[in-house]
Amino acid sequence: MTTPTVVLVHGAFADATSWSGVIAELQKHGVSVVAPPNPLRGLASDAAYIASFAAQIDGPVVLVGHSYGGALITVAGTTENVVGLVYVAAYALEEGESLGELQGRFPLSSLVDNLKEWTYPVPGGDPAVEVTIAEDAFPSVFAADVPADVTKVLAAAQRPLAAAAFGETAAAAAWQTKPSWALIAGADEAINPEVERFGAKRAGAIVVEVEGASHAVAVSQPKAVADLIRDAVRATS
């Protein structure tokens, strides 16, 4: 049997360095891990990028998605060598469902009222809209359990998400045919924890809930995240 490589997919308003603590924990236990950049330009194109990245890895892969990254692994997870999915404070979409539709089933989180709009050029077309979290709201919305000095850096370095991503629908739902795990951040203010619980239950995921954890649970509690990922690696090895 072959031990899978773990591919960590970050979400919106973050980058791959948000996985640093998780990567250190996994490497300490001899787990092969890589954290590619997420383009954050749209569900279909971002999922295609992650699928292509995973397909070029020799051997099996466990895809791990945080936040919006969960929507991406839901689609990219149909790639042949993907053997498991791990959702970390993430969206687990159904085929044909959008982020907006899933969120709309439940009361909105405080994220919605604290987004700042920007524009970016699109070749041959009108400028497109992207969003970040307002810096003054970033600590409470995204990282309430992270030290203040670290949160200031995360807020300044956050990467924007194309607004169009909220309306795109998932072309597939890999959890229908592949095993999944989910970590619920109990004090998440970016995604309503009920959204996370609903998606995880629908996917038949093995669930761990971390009470008091913010959306940035991979930063604040990397061991808890890494432990769940290791469970998935062991189960799929």
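Linking ILVMFWY side-chain heavy atoms closer than 4.5 Å, directly or via other members, places L183 and V195 in two distinct hydrophobic clusters. A chain of hydrophobic side-chain contacts below 4.5 Å, direct or via other Ile, Leu, Val, Met, Phe, Trp or Tyr residues, connects W175 to I50. Side-chain heavy atoms closer than 4.5 Å link hydrophobic residues (I, L, V, M, F, W, Y) into clusters, and following such links, possibly through other members, connects L72 to V61. Cluster annotation: L154 is connected to L111 through the hydrophobic network of ILVMFWY side chains, with a link wherever side-chain heavy atoms come within less than 4.5 Å. V75 and W181 fall into different hydrophobic clusters, defined by Ile, Leu, Val, Met, Phe, Trp and Tyr side-chain heavy atoms under 4.5 Å apart, directly or through other members.
Atom OG of S67 and atom CG of D188 lie 7.5 Å apart (nearest 0.5 Å). From I229, atom CD1 reaches atom CD of E25 across 10.5 Å, with rounding to the nearest 0.5 Å. Of the inter-residue distances, the one linking D136 atom CG with N114 atom CG reads 7.0 Å to the nearest 0.5 angstrom. Note that the CD atom of E194 and the NZ atom of K201 stand 10.5 Å from one another [nearest 0.5 Å].
Between I191 and S109 the shortest side-chain heavy-atom distance does not fall below 4.5 Å. Contact of the T79 side chain with the L63 side chain is not registered, since no non-hydrogen atoms from C-beta on lie closer than 4.5 Å. Under the 4.5 Å side-chain criterion, counting only non-hydrogen atoms from C-beta, Y49 is not in contact with N38. Side-chain contact between F198 and L102: present, with at least one pair of heavy atoms (C-beta onward) separated by less than 4.5 Å. Inter-residue side-chain proximity for W19 and V219 is flagged as unmet; no heavy-atom pair is nearer than 4.5 Å. For the pair S220/V146, a side-chain contact is recorded, criterion being any heavy-atom separation below 4.5 Å from C-beta on. Looking at N81 and P60, their side chains never come closer than 4.5 Å, going by heavy atoms from C-beta outward. At a threshold of 4.5 Å between non-hydrogen side-chain atoms, the residues P160 and V131 do not count as touching.
Of all the heavy atoms in A226 and L26, the pair that sits closest is O-CD2, 3.8 Å. When all heavy atoms of T236 and P179 are compared, the pair lying nearest together is CG2-CG, 4.3 Å. Between S180 and A203, the closest heavy-atom pair is OG-O, 3.6 Å. For the pair Q221 and V210, the tightest heavy-atom approach, listed with the atom from each and the gap, is NE2-CG1, 3.3 Å. Looking at every heavy atom in both residues, I73 comes nearest to G65 through CD1-N, 3.5 Å. V22 and P222 make their closest contact through N-CB, 3.6 Å (heavy atoms, listed as atom of the first residue, atom of the second, distance).
Listed by chain and residue number, nothing satisfies the salt bridge (Lys or Arg N to Asp or Glu O under 4.0 Å) test with E101 (two or more places apart in sequence, or in another chain). In this view, F142 and F138, H215 satisfy the ring pair (Phe, Tyr, Trp, His ring centres under 6.0 Å) rule, not counting sequence neighbours. K116 pairs by the side-chain contact (heavy atoms from CB on, under 4.5 Å) definition with W118, T132, not counting sequence neighbours.
Here the side chain of Q56 pairs a donor or acceptor atom with the backbone of S52 at under 3.5 angstrom. Between the side chain of E168 and the main chain of A44, a donor-acceptor pair closer than 3.5 Å is present. Q27 places no side-chain N or O within 3.5 Å of a backbone atom of A24 that could act as its donor or acceptor partner. Looking only at distances, no side-chain donor or acceptor of S18 sits under 3.5 Å from a matching main-chain atom of A14.
A donor and an acceptor atom, one from each side chain of S110 and E189, are located under 3.5 Å apart. Residues S214 and D145 bring a donor and an acceptor atom of their side chains to less than 3.5 Å of each other.
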Decide salt bridge (charged side-chain N to carboxylate O under 4.0 Å, His left out) for E209 and R197; before the verdict, give the C-alpha distance in whole Å, the side-chain angles of both, and the deciding distance to 0.1 Å. CA-CA 9 Å; E209 181 148 349; R197 294 186 188 105; 2.5 Å; yes

Y68 vs H10, test: side chain to side chain contact (heavy atoms under 4.5 Å, CB included). Steps then yes/no. CA-CA 8 Å; Y68 166 68; H10 68 81; over 6 Å; no

Please assess T119 against E130 for the test side chain to side chain contact (heavy atoms under 4.5 Å, CB included), listing each intermediate value before the final yes or no. CA-CA 6 Å; T119 60; E130 61 185 10; over 6 Å; no

Step by step, would you call R105 with E97 a salt bridge (charged side-chain N to carboxylate O under 4.0 Å, His left out)? CA-CA 12 Å; R105 296 171 180 261; E97 185 177 53; 3.4 Å; yes

Stepwise, does the side chain to side chain contact (heavy atoms under 4.5 Å, CB included) test hold for V7 with V64? CA-CA 6 Å; V7 175; V64 181; over 6 Å; no

Could you walk me through whether V225 and V217 pass side chain to side chain contact (heavy atoms under 4.5 Å, CB included), step by step? CA-CA 8 Å; V225 175; V217 61; 4.2 Å; yes

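Atom CG of D149 has more than 12 heavy atoms from other residues, nucleotides or ligands within 6.0 Å.
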Return all side-chain donor-acceptor pairs below 3.5 angstrom for residues 82-94, not counting sequence neighbours, or 'none' if the list is empty.
{"from": "Y87", "atom 1": "OH", "to": "T74", "atom 2": "OG1", "distance (Å)": "2.7"}
{"from": "Y91", "atom 1": "OH", "to": "Q103", "atom 2": "OE1", "distance (Å)": "2.3"}
{"from": "E94", "atom 1": "OE1", "to": "Q176", "atom 2": "NE2", "distance (Å)": "2.8"}

What donor-acceptor contacts under 3.5 angstrom involve side-chain atoms of residues 30-37, with partners at least two apart or in another chain?
none

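Residue Y120 belongs to a hydrophobic cluster whose other members are V122, with links defined by side-chain heavy atoms closer than 4.5 Å.
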